[in-house]
Amino acid sequence: MISKLPDDILASIISRLPFADAVSTSILSTRWRHLSTYTTRLDFSPSKKQTSNREKRFSNYANMVDRALDSHKGGQFLEAFRIHDLPYFSGGKSELPHIIKRWLEFALSKQVHVIDMHLHEAYSSLVFPISSFLTENSVALHPGFQSLKELSLQAIGFDDQDLESLLKNFVLLERLSIKNSYALREVLIDGDWVPNLKYLYISSCANIRSIEIRDATSLVSLRFHKLRLSNDLVLENVPMLIEFSSCDNRGAKSRYPIDQIFSQGIISEQLVKVNLSADPSHLMKYDTESSLHKMVQLKHTELEAHMHNCSSSHQLIRIIEACPCLQKLEIKFCWSVAGWFENRMLCEHNIELSTPNDNLKKVKLSGFIGCPSDFIVLSHVITKAVELEELSIEIRAETRKIRHRTRARVWQHLRPMLRRLVWS
Amino acid sequence: MASSSNTEIQKMIVLQSSDGQIFEIEESIASNSQTLRNMIEDECADNVIPLPNVTAKILARVIEYCKRHTEAAAAGDAADADDLKKFDADFVDPDDQETLFDTILAANYLNISSLMDMLCKAVADMLKGKDAEAIRKRFNIKNDYTKEEEEEVRKENSWAFED
């Protein structure tokens with residue numbers, strides 16, 4: 001029955017398999033023999049049968065990719081070239097830059113749209129000089145410069161200069177993802193180089209000190225995780241930015257998203273979706289009487305709130321109040337151990353501070369331990385969300401008994417107020 | 001069109017399945033199909049458009065898919081993403097291969113890229129990680145290799161058959 005599909009559709013289906021699986025379809029019948037050579041996507045994941053010998057694993061992987069390069073007949077055009085989990089082998093470090101060069105040359109010569117080059121984390125000290133690679137081979141790589149739309153690099157060691165070179169050459173780039181790149185220090189993204197850049201994701205690059213993004217007029221989504229910036233984030237002229245995510249960042253400027261967005265108001269009027277992990281009390285240095293910048297477009301917020309005490313809750317509420325159009329709110333409470341003990345004491349809270357929001361329909365609270373501060377936030381949200389449709393509370397408890405007790409208290413607290421409840 | 005209200009009047013596109021059934025759909029829904037979109041732009045979409053390769057049963061499903069996705073796109077952030085995901089998950093029934101492949105052919109003919117993507121991925125998932133005999137059995141593929149040929153292919157790609 002599958003045989004009634006024409007060859008090009010079968011090749012398209014096979015394209016979506018990891019390369020090894022795609023090639024093994026050649027044994028199915030004579031018709032399938034060469035279909036895998038016409039795939040438009042090359043997706044290399046290591047073989048399931050893992051030998052414990054690192055050298056073998058590495059060379060098996062490298063050989064698999066090289067074979068694909070030799071046999072690929074899919075014409076001049078390749079949709080995607082994905083290297084995932086290149087196995088780690090210390091002996092392979094010296095030849096790896098040459099191998100990567102070869103693979104990138106192949107992909108770019110085929111006018112590929114998507115490149116993923118994900119090496120094992122342990123390779124991240126490897127240096128791969130992207131800028132010299134790009135300038136030395138610019139003639140051969142030229143077709144790729146005009147076609148690459150998505151680039152994702154992991155554990156490839158390139159520096160600020162390389163990044164600039166990359167952006168200047170891949171002029172049509174729409175998505176860029178960088179992970180485990182330890183030679184980056186001062187990231188500068190100029191929209192003049194990459195006018196179509198829509199999605200930027202930077203994570204786990206512990207040596208990046210500053211990020212500056214200017215004139216990125218197409219940028220829609222910015223996510224950065226696990227960084228340690230020491231300077232304020234600079235965002236200038238990013239009119240299309242609607243999604244902002246900042247999680248697990250440390251260092252001197254770990255407070256920056258809360259600061260800059262809610263207090264200083266950078267981009268606060270345009271964001272639609274925000275995902276932050278932060279300590280709400282970082283807002284305290286600002287006058288508690290004045291209100292925060294109103295996030296007038298914000299519809300969806302996910303906050304991982306690092307709570308210490310009662311004032312954390314108050315600050316959290318200030319943040320919620322600053323989002324008058326919120327539709328979906330998710331808060332994950334992360335209580336510090338000290339805060340947990342302190343919280344036997346009652347907290348006072350003035351519910352009149354809450355202005356009703358009839359757009360807020362979905363609320364999810366997780367890590368709820370049932371201390372007075374948690375309940376303050378819960379009450380506030382319920383009072384505020386007059387058209388609430390879905391409320392989900394995930395209780396964090398050490399034992400089943402505590403979980404039951406907390407659940408009972410929550411239920412008791414809420415029963416007069418709600419129509420629909422989802423328990424966890 | 002000056003009006004920006006929801007009740008904006010849309011052009012209706014009329015399709016006829018291979019078994020003679022008529023389907024009327026809004027232009028916005030028809031636009032999911034690059035084939036139909038081209039016809040609309042070339043102004044050949046004013047009369048009934050016959051689709052000799054697509055039966056009523058399949059056409060109805062394809063239209064349902066386009067409708068759901070058009071509605072979700074129009075609703076923007078207010079769209080229920082989980083609902084749509086569930087619809088997509090239920091859309092593909094791996095045990096009904098006849099419908100699955102007929103829908104793929106229809107989506108290909110009508111050039112509906114998102115539907116093609118979803119269906120091809122679903123079939124790929126059904127192939128992933130299975131050995132040749134299991135695949136042949138499941139998909140009713142006749143092994144027409146001679147013994148020598150099969151040996152040859154195995155040798156050629158021996159590394160892929162290690163599992």
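Numbered from 1 within each chain, the chains take letters A, B, ... in sequence-line order.
For residues 134-141 of chain B, the interface with chain A (any heavy-atom pair closer than 4.5 Å) comprises B:Ile135, B:Arg136, B:Phe139, B:Asn140, B:Ile141, sorted by residue number. For residues 87-107 of chain B, the interface with chain A (any heavy-atom pair closer than 4.5 Å) comprises B:Gln97, B:Glu98, B:Phe101, B:Asp102, B:Ile104, B:Leu105, sorted by residue number. Against chain A, no residue from residues 18-30 of chain B qualifies, as none has a non-hydrogen atom under 4.5 angstrom away.
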I'd like to know whether A:His34 forms a ring pair (Phe, Tyr, Trp, His ring centres under 6.0 Å) with A:Tyr38, so could you lay out the CA-CA distance, the side-chain angles of the two residues, the decisive distance to 0.1 Å, and finally the verdict. CA-CA 7 Å; A:His34 294 294; A:Tyr38 292 96; 8.0 Å; no
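B:Asn111 contributes atom CG, which lies 11.5 Å from atom OH of B:Tyr109 (distance to the nearest 0.5 angstrom). Rounding to the nearest 0.5 Å gives a distance of 11.5 Å between OG of B:Ser17 and CG of B:Asn53. Once rounded to the nearest 0.5 Å, the distance linking NE2 of A:His120 with CZ of A:Phe58 reads 12.5 Å.
Taking the six-membered ring for Trp and thresholds of 30 and 60 degrees, A:His84 and A:His118 have nearly parallel ring planes, at less than 30 degrees apart. Using cut-offs of 30° and 60° for the angle between ring planes, the A:Phe77 and A:His113 rings count as perpendicular.
Here A:Arg33 is the residue among A:Lys4, A:Arg33, A:Arg31 with the most heavy-atom pairs under 4.5 Å with chain B. The candidate from A:Ser12, A:Ser26, A:Ser3, A:Ala22 with the greatest count of non-hydrogen atom pairs under 4.5 Å with chain B is A:Ser26.
Contact annotation for B:Asn143: both backbone and side-chain heavy atoms come within less than 4.5 Å of a heavy atom of chain A. Neither the backbone nor the side chain of A:Lys361 comes within contact range of chain B; no heavy atom of the residue lies under 4.5 Å from a heavy atom of that chain. Using a 4.5 Å cut-off between heavy atoms, B:Asp131 makes no contact with chain A at all.
Side chain of A:Thr39 to main chain of A:Ser15: no donor-acceptor pair is present (N/O by atom type, distance under 3.5 Å, no hydrogens or angles). Under a 3.5 Å cut-off, the side chain of B:Glu41 and the backbone N or O of B:Asn38 do not form any donor-acceptor pair. One N or O on the side chain of B:Lys130 and one on the backbone of B:Met126 form a donor-acceptor pair closer than 3.5 Å. Counting only distance, with no hydrogens or angles, the side chain of A:Asn275 and the backbone of A:Cys247 share no donor-acceptor pair below 3.5 Å.
Two residues are said to be in side-chain contact when any heavy atoms from C-beta on lie closer than 4.5 Å; A:Leu298 and A:Val272 fail this criterion. Between A:Leu148 and A:Val112, the closest side-chain pair of non-hydrogen atoms falls below 4.5 Å.
With no hydrogens or angles considered, no side-chain donor-acceptor pair links B:His69 and B:Glu71 at under 3.5 Å.
Take A:Asp66 and apply the salt bridge (Lys or Arg N to Asp or Glu O under 4.0 Å) test, not counting sequence neighbours, and it matches A:Arg102.
Cation-pi geometry between A:Arg175 and A:Tyr199 is satisfied (NZ or CZ under 6.0 Å from the ring centre, within 45° of the ring normal).
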